[in-house]
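Everything numeric here is computed off the predicted structure, so don't read it as measured data. Basis for what follows: all heavy atoms, side chains included, without hydrogens, waters or symmetry-related copies. Each chain gets a letter, A, B and so on, in the order its sequence line appears, and its residues count up from 1.
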Amino acid sequence: MFGFSLRPRKAASANTAKERLQILLAHERSGSGGARPDCLPQLQREILDVIRRHMQIGDEAIDIRMERGDELSSLEINIEFPGKLGVN
Amino acid sequence: MSKDLTLEEPLGKVIVVTSGKGGVGKTTTSAAVGAELARRGHKTVVIDFDVGLRNLDMIMGCERRVVFDFINVIQGDAKLKQALIRDRRLENLAVLPTSQTRDKDALTKAGVEKVLDELRKEFDYIICDSPAGIERGAQMAMHFADEAIVVTNPEVSSVRDSDRVLGLLNSITDRAGKTGAEPVKAQVLITRHDKSRVDSGEMMTVEDVLEVLAVPLLGIIPESKAVLRASNLGVPVVLDDPSAAAAAYEDAVGRLIGEQIEMRIAADPRRGLLQRLFRRAV
């Protein structure tokens, strides 16, 4: 009614803290969701290798972004090509 | 900092946030100082030096976006540009997270220097968030610093550890070892200051702490509920709702970049009876 309650209400920021920890630790413990420690440098190398079989690109042409979520994580891979496509 | 295209841009300044003792507010301070510098228009990056115990990412709220880290860059597994996480709130702010799986031996002096040299070209300020202690990680965080923020609680063990750290800044850093170089400019930031306990004689005063440490004072951050709230939310305290702690960090950053700001001891207003009855979630 007036926001008055006899029960101690849990502060909103504490819930956020718990949720953030649960999501992060679930990823860290399981290593699932594409987050196995140190698999990403290898993934990056392998992607570059595969692309280089077909095109000429530099080491810095690849950009990997990740967003770990509760239900779903996403991996965004951007590869920049030189102005003219360096097709072999 | 003016950007004159005809002149070579000045290199960024490296500032270490250190303390010796753990739990005094180094990461809170690194996040707040970094965010405030960025908000004032300075290109700023905050680096986590606490290898194996990554936490800056949580305090800055970018923990779900870490892909590569500082150690990957040092070891050549990723380019610096790929490891930097751009803040979504402030375009001038970036975070360089550390590794959660390696140990401190992965931090080599040459590797750290190379990364810092590269960052100096792109950023105006490079904030190094030191781990607790005085071992390798802490030494690497301070080694290439131009300035130091020594975070100190008005409490005996914290002040003693700060004194030890001030000694290291004057002896083992790059600037200390170079003849003719200015020493690292160290300033104390007193955190978790509780005015009511100081007034009742339970807590050392700011003057007491400064008398012991004998270095300039950068600011006084009051004990504030806003700090835990900001940590819960993953928001640097200066970017969250206004609070005494945020105002104190804003003043401290003003002084850090050379503004003359009078020292004041702020405190959050006490809640009135009505507010306590109609308790607002914080």
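Note that CZ of A:Arg20 and CG of B:Leu233 are 7.5 Å apart. Values are rounded to the nearest 0.5 Å. Once rounded to the nearest 0.5 Å, the distance linking CZ of A:Arg45 with CG of B:Asp77 reads 5.5 Å. Rounded to the nearest 0.5 angstrom, A:Ser74 OG and B:Arg64 CZ are separated by 11.0 Å.
With a 4.5 angstrom heavy-atom cutoff, B:Lys79 touches chain A only via side-chain atoms. Both the backbone and the side chain of A:Ile62 come within less than 4.5 Å of a heavy atom in chain B. Of the two parts of A:Glu67, the backbone and the side chain both hold a non-hydrogen atom closer than 4.5 Å to a non-hydrogen atom of chain B. Residue A:Leu24 touches chain B through its side chain alone, counting heavy-atom pairs closer than 4.5 Å. Heavy atoms closer than 4.5 Å to chain A are found in the side chain of B:Gln100, but not in its backbone.
Considering only heavy atoms from C-beta on, B:Arg65 stays 4.5 Å or farther from A:Met66 through its side chain. Inter-residue side-chain proximity for B:Lys81 and A:Asp63 is flagged as unmet; no heavy-atom pair is nearer than 4.5 Å. Looking only at side-chain heavy atoms (C-beta outward), A:Leu21 and B:Met58 come within less than 4.5 Å of each other.
In this structure, B:Val66 and A:Arg68 approach most closely via the heavy-atom pair O-NH2, 2.7 Å. Residues A:Arg65 and B:Leu84 approach most closely at NH1-O, 3.7 Å, considering heavy atoms.
Enclosure of atom CZ in B:Arg192 is not indicated, since only 12 or fewer non-hydrogen atoms of other residues, nucleotides or ligands lie within 6.0 angstrom.
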